[in-house]
Amino acid sequence: MVKRLGMVTLSVLLAGSLAACSSGNNAASSPAASTKPAEGAASAAPVKKDKTKLVYWTGDRHDMDYIKSVVQQFNDTNKDNIEVEMVVKTEDFNQAIDLAFASGQAPDIIRVKENTIQPFAQKGYLKPIDSYLNDDNKKKFPVIDDFNRIDGKMYSLPNYGSTLRLVYNKELFTKAGITAPPKTLNEMVEDAKKITAVGKASGSYGFALNFKSPESALGRSARVIAEASGFGGLGFDFKTAKFDFTGYKDIIQSFKQMVDDGSTLPGMESLDIDPLRAQFAEGKIGMYISFSSEPGVYANQFPAKMEWAAAPVPTIDGTIKGATSFLGGQWLSISNTTKNADQAWKFMQFMYDDNVLKTYHEKGFGLSMVPSISSVAKKPEIKGIEGFLPIGNDGTWPLQPTVTVEGMKYNDAFFKYMVSGGNLDQTIQDLNKRYNDALDKAVAKGTVKVKPNPNFDPMKLMAK
């Protein structure tokens with residue numbers, strides 16, 4: 001299926017040295033003094049080696065309890081006197097990482113994702129792991145360029161992938177007389193309006209996204225709709241090797257229409273993903289779009305109080321013209337500034353153990369991208385996972401180049417239009433110019449390499 005492809009609080013961990021104890025009897029000054037213990041005396045207690053303390057940062061919450069238990073198991077069982085502190089950053093993970101490295105207080109191990117591994121590597125945050133990989137590692141884990149190998153250097157190994165789906169409240173759909181999930185943007189807009197009409201009195205609305213972070217909200221929704229409709233989901237046209245956000249026009253206009261119709265949950269502009277999930281679990285949201293981590297959330301974190309399901313995301317006109325993202329290809333990386341890289345690798349080895357990866361898949365936290373795991377792991381036994389299992393039009397898109405753009409980023413520009421209005425065509429033209437200017441500068445500096453691919457076909461990215 002898978003193509004081969006909010007203050008940051010840190011603890012400064014200082015390792016103290018053991019002081020040698022004086023005998024108190026001046027024996028060492030006597031030439032007749034023996035260094036051997038007297039007959040029958042107890043042997044001196046072995047000197048304990050100080051613990052090597054490591055810090056692991058992750059932004060994942062859906063698997064938090066399980067991973068905490070795995071980390072604790074490592075701390076309890078490893079023979080190298082290593083202790084790992086797991087820190088879950090609930091908001092602004094990327095900014096927290098930047099601040100940590102800028103202040104010289106970076107974690108030793110970092111959870112990386114497909115949208116962070118390239119920027120983190122370019123900033124020098126990540127340590128290549130090639131020297132640690134043996135033949136078994138290379139055989140077990142698929143190598144995916146740009147996802148875990150960048151410019152010929154390995155920075156992470158895959159664990160799981162995530163599909164993206166429309167998550168919907170079956171009870172609200174039935175109450176609104178909707179018999180099937182929407183297949184087009186127009187249907188989604190109309191369904192959101194119908195759900196709001198029957199649910200508003202009880203505080204239920206048709207649609208919501210976690211717009212406290214427009215990047216996160218549109219990255220889990222507009223992106224996948226664009227890809228399924230044949231457009232680069234992050235605004236990059238692989239045929240021309242240029243940025244072109246034109247494919248977003250109908251999508252953003254539809255999102256704005258739901259806002260204008262009053263079909264979106266009030267206050268969603270300040271919602272983070274967990275508060276949104278909590279509202280959905282209470283039956284207050286008709287539908288939203290998110291990752292295959294949601295079943296675990298509603299089984300463990302926010303038990304759902306109603307019947308829900310997942311379905312393929314709608315496309316612009318109901319026609320599938322490209323693969324929907326199957327995101328993954330990386331999981332853990334070692335900080336380039338750690339003083340304990342060897343110990344960090346030992347922790348990574350433990351985390352990538354077959355039993356850990358198999359359990360991760362079977363508990364429904366993510367769908368394994370490691371062939372030796374996916375071939376033997378049981379189907380996740382968790383309610384709602386059926387709608388997230390990979391289907392024929394899921395696939396892995398290549399990564400777009402990472403550029404530093406002047407002015408407002410595209411996610412923020414689109415969100416501003418959604419809530420404040422304006423001229424969407426002009427917004428898109430401005431984005432195209434600023435992003436391509438940034439791309440040209442990066443290419444000229446040699447930090448980015450791009451090449452047009454006139455034969456690029458998003459349909460060929462689909463799993464067979």
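Values below: all heavy atoms of this structure, side chains included; hydrogens, waters and symmetry mates excluded.
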Asks: Between Y360 and H62, how do the two ring planes meet: parallel, tilted or perpendicular, split at 30° and 60°?
Replies: perpendicular
Asks: Once salt bridge (Lys or Arg N to Asp or Glu O under 4.0 Å) is applied, what residue pairs with a partner in residues 292-320 remain, sequence neighbours excluded?
Replies: R277-E294, E282-K305, E307-K383, D317-K321
Asks: Walk me through whether V84 and N75 qualify under side chain to side chain contact (heavy atoms under 4.5 Å, CB included).
Replies: CA-CA 6 Å; V84 176; N75 289 341; 3.8 Å; yes
Asks: Can you tell if the side chain of D237 reaches within under 4.5 Å of the side chain of K242, non-hydrogen atoms only?
Replies: no
Asks: On a heavy-atom basis, which atom in K127 and which in S335 lie closest, and how many Å separate them?
Replies: CB-O, 3.9 Å
Asks: Can you check side chain to side chain contact (heavy atoms under 4.5 Å, CB included) on N115 and E215, steps first, answer last?
Replies: CA-CA 11 Å; N115 64 326; E215 179 181 10; 4.1 Å; yes
Asks: R165 side chain to A309 main-chain N or O, any donor-acceptor pair under 3.5 Å?
Replies: no
Asks: Is the side chain of T315 donor-acceptor paired with the backbone N or O of I320 at a distance under 3.5 Å, no angle test?
Replies: no
Asks: Only counting residues at least two apart or in another chain, list the ones meeting side-chain contact (heavy atoms from CB on, under 4.5 Å) with L234.
Replies: R223, Q400, Y410
Asks: Less than 6.0 angstrom separating the ring centers of F456 and W397, yes or no?
Replies: yes
Asks: Rounded to the nearest 0.5 Å, how far apart are CZ of R111 and CD1 of I97?
Replies: 12.0 Å
Asks: Is a donor from one side chain sitting under 3.5 angstrom from an acceptor on the other, for Q349 and N137?
Replies: no
Asks: Side chain of T116, backbone of K113: donor and acceptor closer than 3.5 Å?
Replies: yes
Asks: Indicate yes or no for a side-chain donor-acceptor contact from N78 to the backbone of D80 under 3.5 Å, with no hydrogens or angles considered.
Replies: yes
Asks: Check whether any side-chain heavy atom of I82 lies under 4.5 Å from a side-chain heavy atom of F347, and answer yes or no.
Replies: no
Asks: Donor-acceptor pair, Y248 side chain versus G233 backbone, under 3.5 Å?
Replies: yes
Asks: Over all heavy atoms of both residues, which pair between A228 and V313 is shortest? Give the atoms and the distance, please.
Replies: CB-CG2, 4.4 Å
Asks: Can any side-chain N or O of D430 pair as donor or acceptor with the backbone N or O of T427 at less than 3.5 Å?
Replies: no
Asks: How far apart are the closest heavy atoms of A299 and I382, and which atoms are they?
Replies: CB-CD1, 3.8 Å
Asks: Between F255 and F207, what is the ring plane arrangement, given parallel below 30°, perpendicular above 60°, and tilted in between?
Replies: tilted
Asks: With a 6.0 Å cut-off on ring centres, are F141 and Y352 close enough?
Replies: yes
Asks: Run the side chain to side chain donor-acceptor pair (under 3.5 Å) test on N148 and S156 for me, step by step, so that the C-alpha distance in whole Å, both residues' side-chain angles and the decisive distance to 0.1 Å come before the verdict.
Replies: CA-CA 5 Å; N148 51 22; S156 185; over 6 Å; no
Asks: Is it the case that the side chains of T246 and D244 hold a donor-acceptor pair, with the cut-off being a distance below 3.5 Å and no angle test?
Replies: yes
Asks: Starting at CD1 of I252, measure out to OG of S221 and round the result to the nearest 0.5 Å.
Replies: 7.5 Å
Asks: Once you round to the nearest 0.5 Å, how far does CD of Q343 lie from OG1 of T52?
Replies: 4.5 Å
Asks: Which residue pairs satisfy the ring pair (Phe, Tyr, Trp, His ring centres under 6.0 Å) criterion with at least one member in residues 256-282, sequence neighbours excluded?
Replies: F280-Y288, F280-Y298
Asks: Atom NZ in K89, atom OG1 in T58: separation rounded to 0.5 Å?
Replies: 11.5 Å
Asks: Report yes if some heavy atom in the side chain of M351 is under 4.5 Å from a heavy atom in the side chain of W331; otherwise report no.
Replies: yes
Asks: Verify ring-ring contact (aromatic ring centres under 6.0 Å, His included) between F365 and Y160, making sure each step is shown before the conclusion.
Replies: CA-CA 8 Å; F365 296 124; Y160 70 95; 9.0 Å; no
Asks: Spell out, as yes or no, whether a donor-acceptor pair under 3.5 Å connects the side chain of S103 to the backbone of A100.
Replies: yes
Asks: Under 4.0 Å between a side-chain nitrogen and a carboxylate oxygen: does that hold for D65 and K363?
Replies: no
Asks: How many angstroms lie between NZ in K416 and CE in M408, if you round to the nearest 0.5 Å?
Replies: 4.5 Å
Asks: Determine, step by step, whether K140 and D136 satisfy the salt bridge (Lys or Arg N to Asp or Glu O under 4.0 Å) criterion, reporting the C-alpha distance in whole Å, the side-chain angles of both residues, the deciding distance to 0.1 Å, and the verdict.
Replies: CA-CA 6 Å; K140 176 180 177 180; D136 289 341; over 6 Å; no
Asks: Counting distance only, does the side-chain N/O of E381 pair as donor-acceptor with the main-chain N or O of E362 below 3.5 Å?
Replies: no
Asks: Going by an N to O cut-off under 4.0 Å, is there a salt bridge joining K123 and D98?
Replies: yes
Asks: Please identify which of these residues, V88, I67, D108, V87, meets the side chain to side chain contact (heavy atoms under 4.5 Å, CB included) condition with Y56.
Replies: I67
Asks: Treating E269 as the side-chain partner and F211 as the backbone partner, does any N or O pair qualify as donor plus acceptor under 3.5 Å?
Replies: no
Asks: Just how far is it from atom CD of E114 to atom CG of D146, taken to the nearest 0.5 Å?
Replies: 11.0 Å
Asks: S325 side chain to L327 main-chain N or O, any donor-acceptor pair under 3.5 Å?
Replies: no
Asks: Could you give me the CA-CA distance, side-chain angles and deciding distance for Y155 and F120, then say whether ring-ring contact (aromatic ring centres under 6.0 Å, His included) is met?
Replies: CA-CA 10 Å; Y155 290 98; F120 287 178; over 10 Å; no
